[in-house]
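For reference, the structure discussed in these notes is given below.
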Protein chains: 2
Amino acid sequence: MSKQRPMSWLSTGADKPPRERLSVPTIVEAAYAVLDRDGFDKLSMRAVAAELGVAVSSLYAHVANKDALMHQMWVRSFLDSYIPEPTEDREEWTERLRLWARSTRAGLRSHRDLARVSMGQTPFSDESLPLLERTMAFFRSGGLPEELVMGAGDFMSTFIEGFVYEEQVWEERMNSVSPSERQAMVDEVREYFERLDPELYPNMSRLGPVVMRNMLNDDRFDRAIEIFIQGLLAQANRG
Amino acid sequence: MSKQRPMSWLSTGADKPPRERLSVPTIVEAAYAVLDRDGFDKLSMRAVAAELGVAVSSLYAHVANKDALMHQMWVRSFLDSYIPEPTEDREEWTERLRLWARSTRAGLRSHRDLARVSMGQTPFSDESLPLLERTMAFFRSGGLPEELVMGAGDFMSTFIEGFVYEEQVWEERMNSVSPSERQAMVDEVREYFERLDPELYPNMSRLGPVVMRNMLNDDRFDRAIEIFIQGLLAQANRG
DNA sequence: GTGAGCTACGAACACTGTTCTACACCCGAA
DNA sequence: TTCGGGTGTAGAACAGTGTTCGTAGCTCAC
């Protein structure tokens with residue numbers, strides 16, 4: 001009678017399916033489900049386990065710790081990102097660079113708070129290496145000076161990550177209040193600028209409308225990327 | 001000695017000084033002490049309270065919550081940052097811009113993990129407004145198109161924050177191991193690149209030495225800022 | 001068929017941020 | 001000088017976190 005189990009109709013709790021085995025991909029998927037539904041602050045090992053209907057400690061058989069899990073999440077988000085083919089044509093190159101920047105941002109925005117997960121992750125891992133290689137190949141084809149080939153991608157990535165990070169923190173703040181309060185928040189910012197003493201703060205008060213327009217993040221982003229591109233081209237022409 | 005206290009030799013535990021009253025600045029100072037000594041991960045309300053020899057709950061009479069405390073830390077770090085005077089001279093302006101960027105980075109690096117504290121903080125608060133005003137005044141004097149005056153400072157700030165954030169995450173990782181292991185980590189990176197199959201990863205393996213050189217963050221930073229400046233100048237000349 | 005090695009589990013530990021209630025103190029009014 | 005009253009402090013408690021442990025059961029190779 002070593003393993004005699006209790007008769008099924010006496011089974012406590014919900015009748016469980018044959019218990020599918022866990023795996024890293026399933027766990028990562030569940031983690032994304034939690035992230036998208038509840039946000040970064042609620043992303044806990046217990047929540048991920050609950051998502052799978054599994055005990056917390058079971059996760060640790062597949063993933064060393066929470067940081068490792070987040071690294072896996074980052075890797076996965078990285079895997080299907082767009083990387084342009086190299087081209088010698090300068091004009092085409094800048095156009096593809098623009099595209100790359102936009103889609104990198106889009107990738108980070110494909111999951112709620114993803115930037116907070118990916119921020120500060122080590123870029124060199126076996127999974128990401130092929131992608132880095134292709135990225136470098138593209139950047140090299142633009143005819144930049146050697147030190148800038150890696151630098152350019154690096155800088156732009158840092159900027160994009162930082163940009164989306166702040167963007168998403170801001171969106172979380174908006175999401176945490178009701179839609180009616182949301183409009184109130186926007187109005188508050190506007191009034192804040194309108195109430196500024198133009199004597200004391202000539203520049204800030206003059207810039208009020210610009211700030212409001214700048215809250216459209218797409219334009220802000222594009223403008224920043226344009227500055228980057230101009231700067232890169234200036235260096236390329238010189239070298 | 002207006003008021004009678006228990007005779008000192010009967011005092012329980014460590015003889016405490018007359019119990020000085022708490023205040024926001026003292027708390028912030030203690031928080032910085034914890035941050036510098038133990039790093040961001042160990043920065044807890046309890047640690048701050050312990051630093052002051054005070055109960056945790058006492059902090060909440062002066063500070064709404066941990067986020068509010070971190071906001072105060074950020075404000076304080078922001079207060080004594082360098083902001084250049086406006087100038088119409090284009091060459092002088094770019095030189096001061098360089099200086100501003102470097103000292104902004106230096107400010108963020110003035111405390112361990114400070115970038116992680118400041119990341120995602122709302123930039124508009126009564127304490128920071130005068131500084132923003134002066135910053136805008138400087139950026140405006142460079143003769144940039146109107147939409148870029150605020151954008152330029154904004155973009156560069158996000159970049160610098162992101163840069164220092166990653167930089168400090170890296171440094172924390174280095175600090176968490178012994179000095180002997182530290183060299184091992186550097187060697188590991190070098191070997192990682194040396195072992196790369198040049199057939200499979202021509203760009204990455206060729207860039208190995210560049211990566212190593214790039215680990216000197218000061219140069220990396222300066223190069224990035226130079227790109228920014230070139231880009232801004234290009235836009236300024238055009239507008 | 002049987003044993004060995006996975007792997008899931010529940011409980012526990014040492015933390016975290018935050019709140020509550022009660023107590024001690026200081027200050028100003030009487 | 002006496003007496004409250006309000007403020008700031010303290011301790012305990014709550015709900016939550018990441019992580020580890022020993023145990024029990026399952027699966028697979030032999």
Side-chain angles (χ1 to χ4, degrees), chain A residues 1-8 11-28 30-31 34-35 38-73 113 116-117 176, chain B residues 1-7 10-28 30-31 34-35 38-73 113 116-117 176:
Chain A
M1 81 145 295
S2 61
K3 35 218 71 174
Q4 184 86 339
R5 20 162 136 196
M7 287 171 283
S8 65
S11 135
T12 67
D15 47 346
K16 32 178 103 167
R19 164 150 114 173
E20 312 208 350
R21 306 205 16 205
L22 284 175
S23 70
V24 176
T26 1
I27 294 177
V28 168
V34 174
L35 189 67
D38 304 327
F40 184 81
D41 292 332
K42 302 275 181 183
L43 178 64
S44 68
M45 298 300 271
R46 280 174 168 84
V48 174
E51 184 74 20
L52 292 163
V54 135
V56 208
S57 46
S58 309
L59 303 179
Y60 286 87
H62 305 267
V63 153
N65 50 31
K66 192 186 179 183
D67 275 343
L69 171 53
M70 296 206 303
H71 185 77
Q72 288 300 322
M73 295 175 73
D113 278 340
R116 268 162 92 182
V117 173
S176 69
Chain B
M1 255 326 115
S2 61
K3 52 240 41 192
Q4 184 84 354
R5 355 180 160 181
M7 287 171 282
L10 287 181
S11 129
T12 68
D15 45 348
K16 33 177 105 169
R19 165 151 114 177
E20 313 208 348
R21 314 230 338 229
L22 285 174
S23 70
V24 177
T26 5
I27 294 177
V28 169
V34 174
L35 188 68
D38 304 326
F40 184 81
D41 292 333
K42 303 273 181 182
L43 177 64
S44 68
M45 297 301 271
R46 280 175 167 83
V48 175
E51 183 74 21
L52 292 163
V54 134
V56 207
S57 46
S58 308
L59 303 179
Y60 286 87
H62 302 86
V63 153
N65 50 30
K66 192 185 179 184
D67 274 342
L69 170 54
M70 296 206 302
H71 184 78
Q72 287 300 321
M73 295 175 74
D113 277 339
R116 269 162 91 184
V117 173
S176 68

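Both backbone and side-chain heavy atoms feed into the values below; hydrogens, waters and symmetry mates do not. Residue numbers start from 1 in every chain, and the chains themselves are labelled A, B, ... in the order their sequence lines are given, proteins ahead of strands.
Look at CG on B:L22: it is 8 Å from C1' on D:dT9, rounded to the nearest Å. Remark: P of D:dG18 and NE2 of A:H62 are 18 Å apart, rounded to the nearest angstrom. Rounded to whole Å, the distance from CG on A:L59 to P on C:dC9 is 9 Å.
In this structure, the side chains of A:L59 and A:L52 come closer than 4.5 Å at one or more pairs of heavy atoms. Residues A:H71 and A:V117 fail the side-chain proximity criterion, which asks for heavy atoms closer than 4.5 Å. Between A:D41 and A:R116, some side-chain heavy-atom pair lies under the 4.5 Å cut-off.
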Check nucleotides 19-22 of chain C against the protein and report each pair of N or O atoms closer than 3.5 Å, with its distance, or say if there are none.
none

Scan nucleotides 13-16 of chain C against the protein and return all N/O pairs shorter than 3.5 Å with their distances rounded to 0.1 Å.
residue: C:dT16; atom: OP1; partner: B:S44; partner atom: OG; Å: 3.2

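Close to C:dT7, at under 4.0 Å from its OP1 or OP2, lies a side-chain N or O of A:R21.
Qualifying side-chain contact (heavy atoms from CB on, under 4.5 Å) partners for A:A55, counting only residues two or more places apart in sequence or in other chains: A:S57, A:S58. For B:V63, the side-chain contact (heavy atoms from CB on, under 4.5 Å) test picks out B:A68, B:L69, with sequence neighbours left out. In this structure A:H62 satisfies the side-chain contact (heavy atoms from CB on, under 4.5 Å) test together with A:L22, A:V24, A:I27, sequence neighbours excluded.
In this structure, the side chain of B:K42 does not engage the main chain of B:A47 through any donor-acceptor pair within 3.5 Å.
Residue pairs meeting the salt bridge (charged side-chain N to carboxylate O under 4.0 Å, His left out) criterion with at least one member in residues 45-54 of chain A, sequence neighbours excluded, are A:R37-A:E51.
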